[in-house]
Q: 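Sharing a structure below in C-alpha cells format, with a few things to ask.
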Amino acid sequence: MFSAALVAILVTMALALARALLGPTVYDRILAVNMFGTATVLLIAVLGFFTGRPDFLDIALVYALINFIGTVAVLKFLRYGDLGRAGGKEGEI
Amino acid sequence: MAHAISLALVLYGLWLLLSGHYEPLLLGFGVLSCALVVAIALRMDVVDKEGHPVHLGWRALAYWPWLLLEIAKSNIDVARRVLHPALPISPTLVRVKASQSSDLGQVIYANSITLTPGTVSIELEDGMIDVHALTGETAAALEAGEMNRRILAMMGEA
Amino acid sequence: MITPHLPVLQVVLPLLAAPVCVLLRNGRLAWLLALVVGWVSLLIAVLLLVRVLDGPPLSYAIGGWAPPWGIEYRIDRLNAFLLVIVATIDAVVLVYARASVEREIDPDRVYLFYAAFLLCFTGLLGIAATGDAFNLFVFLEISSLSSYALIAMGRDRRALTAAYQYLIMGTIGATFILIGVGLAYMVTGTLNMADMADRLVGLTGNRTVRVAFAFLTVGLSLKLALFPLHLWLPNAYAYAPSTVTAFLAATATKVSVYALLRFTFSIFGADVAFEVLPLDLILPPLAILAMFVGSLVAIFQDDVKRMLAYSSVAQIGYIVLGISFASLDGLTAGIVHLFNHALTKGGLFLALGCVFYRLGSVRLEDMRGLGRRMPLAMAAFVAGGLGLIGVPLTAGFVSKWYLVVAALENGWWPVAVLVLASSLLALVYVWRVVEVVYFQPAPRERGEVREAPLSMVLPTWVLIGASVYFGVDTSVTVGVARAAAALLLQVTPGAGP
Amino acid sequence: MGVVVDLASWALLLVGSAFAVTGGIGVVRLPDFYTRLHGAGVTDTLGAGLILAGLMLQAGFTLVTVKLILILVFVFFTGPTATHALAKAAMGSGLKPLLHPEGRRPSNI
Amino acid sequence: MIGDALGLYNYWIVIVLMMVGFYVVISRGNLVKKIVGLNIFQTSVFVLYISMGWVEGGTAPILAPGVELYSNPLPHVLILTAIVVGVATTALGLALVVRIREAYGTIEEDEIHRQDEPT
Amino acid sequence: MRHHVVLRVVAKLLIPLILLFALYVQFHGDYGPGGGFQAGVIFASAFILYAIIFGLPIARQVARPGVVRALVALGLLLYAGVGVAGLLLGGNYLDYSVLAANPVSGQHLGILLVEFGVGTTVAAVMVAIFFSFAGRGR
Amino acid sequence: MSPETTVAAAPLLPLVGAVLIWLAGRRPNLREGVTLVTAGLLFLAVASLLPTVLAGGRPAAVWLELLPGLAIAFRVEPLGMLFALVASLLWIPNSVYSIGYMRAHREEHQTRFYVCFAVALACAVGVAFAANLLTLFLFYEMLTLSTYPLVTHAGTQAAMRSGRLYLGILIGTSIGFFLLAILWTYAAAGTLDFRPEGLLGGVDPGLLPVLLALYVFGIGKAAVMPFHRWLPAAMVAPTPVSALLHAVAVVKAGVFAVLKVVVYVFGLDLMQAAHPGDWLIWLAAFTILAASLVALGKDNLKARLAYSTISQLSYVVLGALLATTAGIVGGGMQILMHAFGKITLFFCAGAIIIATHKENVSEMRGVGRTMPFTMFAFLLGSLSVIGLPPFGGSWSKWYLMLGALDAGRLALVAVLMASSLLNIAYLLPVVVRSYFPGGEAAASPARLAEAPLACVVPALFTGAACLALFLYPDPFYRLLLQLVAP
Ligand code: NA
Ligand code: NA
C-alpha cells in the first residue's frame with residue numbers, strides 16, 4: 001500500500017517536472033517546482049514510514065520550510081533582482 | 001506583554017508535544033529555548049495580534065471543520081473537471097469584499113479562498129480581494145459571501 | 001602536564017584564536033593575539049622537534065579514541081621540522097604584518113584578516129600534524145579556503161580574479177585528493193595513515209590502489225603548483241596583500257610538498273610510486289620544465305612580485321626534482337630546499353612588501369634608484385636574490401649542491417647540467433632588479449622615499465639573515481633533513497657524501 | 001480495531017494519492033498559469049492532507065503523529081501563501097489570465 | 001542486489017558527473033557557470049563516497065573502548081564533512097563572483113580578461 | 001505590488017514556530033545524527049524568511065552583522081573549547097568522557113555542547129552569507 | 001701574529017677596510033687615507049707570510065665548515081703566495097693612482113668605488129689563499145660581483161650594457177662550467193681540497209679532457225677565446241678599474257685559478273701522463289695570436305691594451321697546460337710580470353686621457369713631448385710586456401719557451417715568437433708616434449703638460465719595478481720551483 005502511494009507521488013513529481021520543463025512562463029516553472037517540493041515532502045514522509053525511519057519527518061518538515069522560503073525568495077528576486085530590498089513595516093516582497 | 005507570555009506558553013506546549021523526553025535537562029532546555037524564541041520574536045516585532053492570534057480562541061476551532069469540508073468539496077469539483085475529457089472550465093476574475101476590519105481577518109479570508117481549490121486570491125488591497133476562479137459557478141458561490149460571514153464570526157465582528 | 005598535549009595544542013591554539021579575533025573586533029588586538037599565538041606555536045613546534053629528534057614519534061589520540069579508530073596526530077622528524085618552518089614564518093611575518101596590513105587592508109576588516117590568517121595557519125599546521133588522511137584533506141581545505149579569502153583582500157581588483165582562479169583550481173585539486181583518499185579508504189578500510197600504510201603492503205598490484213595514488217598525486221601537484229598545474233600561482237601571489245604573499249609563498253606550497261612526500265613514501269611506499277607508477281619518469285621532466293619555464297617567464301616580468309611568483313614555480317621544480325630521485329641525497333636536497341626556499345622567498349616577499357609600503361607599487365620602473373632610499377630592504381632583496389641563484393654562502397647554494405650531487409650519484413648528468421643552467425636564469429631576473437634598484441637614477445617625479453618602518457625591515461632581515469645563516473651553518477638543516485629523508489626511505493641516515 | 005484503522009489508513013492513503021496525481025494532471029492539462037494554480041491546489045490540500053492523515057492513522061497517538069500534524073499545518077499555512085504570492089507576482093508582472101468568453105467580468109478590472 | 005547494481009553503475013555516474021563538471025569548469029564563460037560546474041564536479045565525489053558506504057558496507061571499524069553509546073558511522077561523517085567543505089567553497093566562490101561583478105561590471109570571463117589587458 | 005499583507009501575516013505566525021523547531025532539533029540532536037548542523041540551517045532559514053519579507057535593513061537591526069559574526073566565532077570557540085576543557089580535565093583533546101563524573105554522561109554533555117557550537121556557527125554563517133549576498137543588487 | 005692567524009685575517013683586512021671606507025665616505029681625505037693604510041697593511045700581512053712559505057711552511061686556517069667535509073678554508077702555498085703578493089703590492093700604487101685619477105675626473109660615487117675596490121682585493125686574497133675549490137669558487141664569484149659596480153661606474157646606458165656582458169659571461173661560465181666541474185670533481189674524488197698530487201686519480205682518463213675543458217672555459221676570467229668578450233667590454237670603466245681588472249686582481253685570479261687547478265686538482269703527473277689538455281693548448285695558442293692581431297687593429301688605446309691582455313693571459317694558460325717544470329714556472333712568472341707591465345701601460349693610458357682627453361692612438365702625435373715621464377713609463381711597460389731584456393717580462397717568456405721546447409712542441413715556440421713580434425707591432429708605435437711632432441703641440445713650442453703627480457708617480461714606480469724584476473726574480477723563481485719540485 002505504501003508502494004502505491006510512493007508510485008503515485010512519483011508520478012505527481014514527474015508531472016510537475018513536465019510542467020517545469022514545458023513552462024512556458026517563469027511563473028509556471030516556479031509553480032511546478034513548488035509543487036514538486038510538496039510532493040517531495042510527501043515522498044520523504046511516506047518513505048520514512050516505509051523504511052521505518054520516523055526521523056525522516058524532521059527532514060520532511062525542513063524540506064517544506066525550504067520549499068516555501070525558496071519560492072518566496074525566487075519571487076522576490078524576480079521582482080526586484082535583489083533579496084534584501086527594504087519592505088518596511090508594510091511587509092513587501 | 002500578554003502576547004509574549006501567551007506565545008511562550010504555546011511554544012512550550014509545542015516543545016512538550018515534540019520532545020517526548022521528559023527529563024529535567026531537556027525540560028530545562030525547553031524553557032531556555034522558548035525564552036530565546038520569544039526574545040527574538042519580540043526583537044523582530046512579530047508578537048502581536050497578527051503574529052500570535054490567540055484572541056480568536058475557540059471560535060477559530062469552530063471555523064476549521066467548516067473550512068476543511070469546503071476544501072474537500074471544492075477538491076472533488078476541481079478533480080472532476082480536471083479529469084473530464086472536455087475540461088469543462090470557465091475561468092473568471094471577480095472582486096469580492098473582505099469585510100473584516102483587521103488585516104489578520106482579511107488574510108485569513110484570502111488564504112481560505114486560496115486553500116479551497118477552484119479559487120485563488122490574487123490581490124488583497126483596501127479590503128477588496130481579486131479572485132481567479134476556475135469556473136463561473138465557483139466565482140458565484142464565493143460572491144454569495146458565506147465564507148466572508150463565517151470569518152467575520154470567527155473574528156468576533158459579526 | 002601540558003607536554004603530552006603539545007601535538008594537539010599546536011593546532012588547536014590558532015584554531016581557538018581565530019574566532020577570538022572575530023570577537024575582538026579590533027584590528028590591533030587581533031594582531032596582538034595572532035602574534036602571541038604565532039610565537040607560542042613556534043615554541044611548541046620547537047619543543048616537539050626537540051622531542052622527536054631524541055626519541056620515537058609522538059602519537060596523540062583525539063578524543064581519547066585509540067588509533068586507528070579515532071583521529072591520530074602523529075609527530076615525527078619530518079613533520080616536526082615542517083611545523084617549525086611554518087611556525088617560524090608565521091611568527092616572523094606577523095611581526096611584520098602590523099604596519100603592512102594597516103597600509104593595505106581596509107581598517108574595518110583588519111580583524112577579519114587576522115582571523116583568516118590564523119585559520120590558514122591552523123590548516124597548515126594541521127596538515128603537518130595529523131596522522132589521518134581524511135583529516136589532512138579537511139585541514140588542506142581550511143588553509144585553502146582561508147587563503148582564497150586572504151588573497152581576495154588585495155588592493156588591486158585583479159586580486160579578486162586571482163583568488164577566484166585559485167579557488168577553482170584549488171578545489172579541483174582538493175576534489176582529486178578527496179577521491180584518492182576515498183579510494184584508499186575503500187581498499188584499506190582505514191583512514192589512519194600508519195594503519196593504511198600497513199594494510200597497503202602487498203597491495204602494490206591492486207588497480208584501485210594505483211588509481212588512488214594517481215588521483216592523490218595529481219591533486220597535490222595542483223596544490224603545490226607543479227608545472228604545468230601552476231597557473232593559479234603567479235596571479236595569486238602577485239595581487240595578494242604583501243603579508244599574505246610572503247606567508248603563503250613560504251609555507252603553503254611547502255606543506256603540500258610535505259603531503260606529497262607523506263603519501264608517496266610513508267603511505268603508498270616508493271614501490272607503488274616509482275615502480276608500479278612511473279613517477280621517476282614523470283616528475284623529473286616536469287620539475288625541469290618548471291625550473292626553466294618558471295625562470296624564463298620570470299625574466300620577462302616587470303612586476304617584481306610576479307617575477308618572484310614565477311621564480312617560485314621554478315623553485316618548486318627543484319624541490320620536486322630532489323624528491324623524484326627517491327634517494328637519500330635527493331630527498332635531503334628536496335627537504336633542505338623546502339626549508340631554505342621558505343626562508344628566502346618569505347624574506348624576499350617581505351622586502352617587496354616594504355617597497356609596496358612606501359611606493360604602493362613593485363613595478364620595476366617604479367623601483368629605480370631605490371637602493372639608496374631603502375638601503376636595508378633592498379640589501380635584503382639582494383641577499384635573498386643571491387639565495388635564489390644559489391650563490392655560495394646562501395641557503396640556496398646548499399640545497400642546489402645536494403641536488404646536483406644527488407643527480408650525479410644517480411648518473412643523471414644532463415640533469416645536473418640543467419640545474420646549473422637554470423640557476424643562470426635566476427641570475428638574470430635577480431640582476432634585472434639589482435640593476436634597476438642600484439644602478440639607475442631615481443625618477444624625478446617620485447617624492448622623497450624613506451626606509452620602511454623597523455617593524456617591517458627587521459622581520460625581513462630575520463628571514464633573510466636566517467637564510468644566509470643556514471647557508472653558512474648547514475649542520476642543523478642538513479642534519480634534520482637527512483634524518484627526515486632517512487625516515488621516509490626507512491634507511492639509516494649515515495654520513496654525508 | 002486494528003484492522004479498521006488499517007483499512008481506513010489504506011483508504012486515506014489511496015484516495016490522497018489519487019488526488020495528488022489528479023493535481024499533477026491538472027497542472028499539465030490546464031490551459032494557462034492561473035488555471036494551473038487550481039490544479040496545484042488539489043495536490044497541496046487534499047492530496048497532502050489525506051496522505052498525511054493516512055500515515056497518522058498508521059502511527060497512532062505518538063510523536064510521529066505530532067510531527068505529521070505539524071507538517072500538515074505547515075503545508076496548509078504555506079501552500080496557499082505561496083500560491084497567492086505567485087499569482088500576485090504573475091499579475092503584477094502583467095501576465096494576463098485566460099478568461100472564459102461568457103464569464104462575468106469583474107466590475108472594475 | 002541493490003549493492004551489486006550500485007557497485008556496477010556508481011562508477012559510471014561518478015565518471016560522467018566528473019567529466020561534465022570538469023568540462024563546465026574549464027570551458028570559458030560565465031563565472032557562476034564555472035562554480036556550478038565545480039559543484040557538479042564535487043558532487044561526483046559525494047556519490048563516490050555514498051556508493052562506497054553501500055558497497056563496502058561494514059568496513060569502517062566501529063569500536064569504542066568502554067563506550068557503547070556512540071557508534072562511528074564514518075562514511076556519513078565523511079560525506080557530511082565533505083559537503084560542508086563543498087558548500088563553504090561554493091559560498092566563498094559566489095561571494096568572490098559578486099565582488100568581481102562590482103569591480104568589473106561583468107561576470108563574463110572574456111570581458112574580464114579584456115579589461116585587465118594593459119592598454 | 002506595494003504591500004504584501006498575506007506574506008507578512010503568515011511570516012509573523014510562522015517565524016517563532018520555525019525558531020522553536022530549530023531549537024528542538026538542536027537539543028534532540030544526539031538522538032538522531034548530527035543535530036547541530038540541521039538546527040543551524042533551520043534557525044537561519046527563519047531569519048532569512050524574515051529578511052526577505054521585512055527587508056534587509058530591518059533584519060540587520062534585529063541581527064546586527066557584528067553580532068552575527070561574533071556568533072560565528074563563539075560557536076567555533078565553543079566547539080574547540082569543549083575539546084580544550086577535556087584536555088584541562090586530564091583527558092585528551094575532544095575527549096568528552098572526562099567532562100562529568102560518569103563517562104557516558106560526560107560524552108553526552110560534550111556532544112551536546114559541541115553540537116550547540118556547530119549549530120550556532122552554522123546558523124550565524126548562513127545568516128552572514130545571506131546578509132552579504134542579498135542587497136547587492138543585480 | 002702567527003702565520004695561521006695572519007692567513008685567516010688577511011682576507012678580512014680589506015673587508016674591515018671597506019667598512020671603514022664606507023663610514024668615512026663623507027670625508028674624502030680620510031676615506032682615501034683609510035684606503036692607503038689598508039692597502040699597506042694588507043701588503044705587510046701578505047709579505048710577512050713569504051719567509052714561512054719559502055721555508056716550505058704551508059700556514060692554514062679554517063673560517064667555517066659549510067657542509068660536512070666542505071669548509072671555507074685557507075692554505076697558503078707558493079702559487080697563492082705569489083698571486084697574493086702581486087695583488088696586495090699593486091693595490092698600493094693603484095690606490096695612489098686612483099686618488100689622482102678620480103679627483104681629476106671629479107667622478108661621482110667615489111665612496112662606492114673605494115669600497116668595492118677593497119672588497120675586490122679581499123676576494124683576490126681569498127682566491128689566492130683558498131685551500132679548496134669551494135673557497136676558491138666562492139671568492140671568485142664574489143670578485144665578479146664586487147667589481148660589477150666598478151665596471152658600470154659611469155652609469156650610462158653603454159656602461160650598463162657592458163656590465164651585463166661582464167656579468168653574463170663571468171657568472172655564466174662559472175656556474176655553467178666551473179661549478180659543474182667542481183661538482184664533478186666532488187662526486188669523483190669525495191673532496192675538494194687542493195692536494196699537490198691532485199685529486200683525480202680515480203677518474204676515467206677518457207673523461208679528463210672534458211673536465212679540464214670545463215675548468216678552463218668555466219674560469220672565464222682567464223679570457224680564453226671564445227669567452228673573452230667581457231674584458232674589452234669592461235674598458236668603459238675608469239682607468240684605475242682597468243688596472244684592477246687587467247693587472248691587480250681579476251684576470252690574474254682567472255689564470256691563477258687555471259694554474260692552481262692544473263697543479264693541485266689534476267696534478268702534474270696526471271697531466272703529463274694523460275695529456276688531457278692537448279687541444280686546449282692549441283686553443284690557447286690561437287688566442288695568443290688572434291688577440292694580438294685584433295689588438296693591432298684597434299686604434300683606441302685601452303681597447304688595444306685589453307686585447308693585449310687577452311693574448312698575454314693565454315700565455316699563462318699555455319704554460320699551465322704544458323705542465324712541464326718550465327711551463328709552470330713560466331706561467332707563474334707571467335702572472336707576476338704581466339701584472340707589472342700591464343698596470344704601467346694602463347696607468348699611462350689613463351694619464352694621457354686625463355691630460356689630453358685623447359683615447360685613440362692615431363691622435364697621440366706629440367704627446368710624448370708634453371708628457372715625457374708618462375711616455376717613458378709607457379715605454380718601460382711595453383718592453384716588459386713584449387718580453388725584451390732587461391725587463392721582467394723576458395723571464396716569463398723565456399721559461400715558457402723552455403717549457404714548449406721541453407714538451408717538444410716547436411710549433412708553440414714559433415707561436416710565442418710570432419706573438420712577441422706582434423706585441424712590438426702594436427705597442428711600440430704608440431711610443432714612437434707620440435714623439436712625432438703634430439697635434440696641437442705642433443703649433444706651440446713643446447711645454448710640459450703632465451697628468452697629476454699621483455698618476456705619474458705610480459706609473460713610473462711600476463715601470464721601474466719591471467726593471468727591478470728582471471734583476472731580482474730570484475725569490476719568485478724559488479717560490480715557483482717549489483710547485484714542481486716539492
Ligand atoms: Na579548495
Ligand atoms: Na553535526
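Numbers restart at 1 for each chain; the letters A, B, ... are given by sequence-line order, proteins then strands.
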Q: Looking only at heavy atoms, which of residues 121-144 of chain G get nearer than 4.5 Å to chain C?
A: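 Listed by number: G:Leu134, G:Phe137, G:Leu138.
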Q: Among G:Ile72, G:Leu167, G:Leu64, who wins on heavy-atom pairs under 4.5 Å with chain C?
A: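 Heavy-atom pair counts peak at G:Leu167.
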Q: To the nearest 0.5 Å, what is the distance between CH2 (G:Trp184) and CH2 (C:Trp413)?
A: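 The distance works out to 4.5 Å.
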Q: Quickly, which of C:Leu403, C:Val419, C:Val405 forms a side chain to side chain contact (heavy atoms under 4.5 Å, CB included) with G:Leu183? Name it, please.
A: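 The single option meeting the side chain to side chain contact (heavy atoms under 4.5 Å, CB included) with G:Leu183 is C:Val405.
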Q: Which atom pair, heavy atoms only, marks the closest approach of C:Leu420 to G:Leu179?
A: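 Taking every non-hydrogen atom into account, CD2-CD2, 3.4 Å.
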Q: Give every residue pair that meets the side chain to side chain donor-acceptor pair (under 3.5 Å) criterion with at least one member in residues 460-470 of chain C, sequence neighbours excluded.
A: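 Qualifying pairs, neighbours excluded: C:Tyr469-C:Asp473.
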Q: Which residues, numbered in order, of residues 211-230 of chain G come under 4.5 angstrom of chain C by heavy-atom distance?
A: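 So no residue qualifies.
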Q: Are C:Thr474 and G:Leu70 close enough that some pair of their side-chain heavy atoms sits under 4.5 Å apart?
A: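 In short, these two side chains do not touch, never coming nearer than 4.5 Å.
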Q: Between G:Trp63 and chain C, with a heavy-atom cut-off of 4.5 Å, which part of the residue counts as in contact: side chain, backbone, both or neither?
A: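 Neither; nothing under 4.5 Å.
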Q: More than 12 heavy atoms of other residues, nucleotides or ligands under 6.0 Å from CH2 of C:Trp412: yes or no?
A: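 Buried by this count: over 12 neighbours within 6.0 Å.
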Q: Among C:Val434, C:Val478, C:Leu393, which residue forms the greatest number of heavy-atom pairs with chain G at distances under 4.5 Å?
A: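 Greatest number of close heavy-atom pairs with chain G: C:Leu393.
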Q: What residues, two or more places apart in sequence or in another chain, satisfy side-chain hydrogen bond (donor to acceptor under 3.5 Å, both in side chains) together with G:Ser162?
A: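 Once residues adjacent in sequence are excluded, G:Ser162 has no partner under the side-chain hydrogen bond (donor to acceptor under 3.5 Å, both in side chains) criterion.
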Q: With heavy-atom distances below 4.5 Å as the criterion, would you say the side chains of G:Tyr148 and C:Tyr438 are in contact?
A: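 A side-chain contact is absent here, since even the closest heavy-atom pair is not under 4.5 Å.
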Q: Does any heavy atom of chain G fall under 4.5 Å from the side chain of C:Arg432, the backbone, both, or neither of them?
A: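 No part of it gets close to chain G.
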Q: Evaluate the side-chain proximity of C:Trp431 to G:Leu145: yes if any heavy-atom separation is below 4.5 Å, no if none is.
A: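 Sidechains of C:Trp431 and G:Leu145: in contact.
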Q: Rounded to the nearest 0.5 Å, what's the gap from CG on C:Leu427 to OG on G:Ser174? Could you check?
A: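 Atom-to-atom, C:Leu427:CG and G:Ser174:OG are 8.5 Å apart.
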Q: Can you confirm whether more than 12 heavy atoms, excluding those of G:Gln157, are under 6.0 Å from its CD atom?
A: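 Check fails, neighbour count at 12 or below.
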Q: Can you tell me how far CD of C:Gln440 sits from CE of G:Met160, rounded to the nearest 0.5 angstrom?
A: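 Nearest 0.5 Å value for the CE-CD distance: 5.5 Å.
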Q: Do the non-hydrogen side-chain atoms of G:Ile175 and C:Ile389 ever get within less than 4.5 Å of each other?
A: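 Yes, their side chains come closer than 4.5 Å.
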Q: For C:Arg372, I'd like to know if atom CZ has over 12 heavy atoms of other residues, nucleotides or ligands within 6.0 Å.
A: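 Atom CZ in C:Arg372 is not crowded, with 12 or fewer foreign heavy atoms closer than 6.0 Å.
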Q: Which one, C:Leu386, C:Val404, C:Val472, C:Val391, leads in non-hydrogen pairs under 4.5 Å with chain G?
A: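 Looking at each option in turn, the highest pair count goes to C:Val472.
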Q: Ignoring hydrogens, what is the shortest heavy-atom contact between G:Gly172 and C:Leu424? Give both atom names and the distance.
A: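 Scanning both residues, the minimum pair turns out to be CA-CD2, 3.3 Å.
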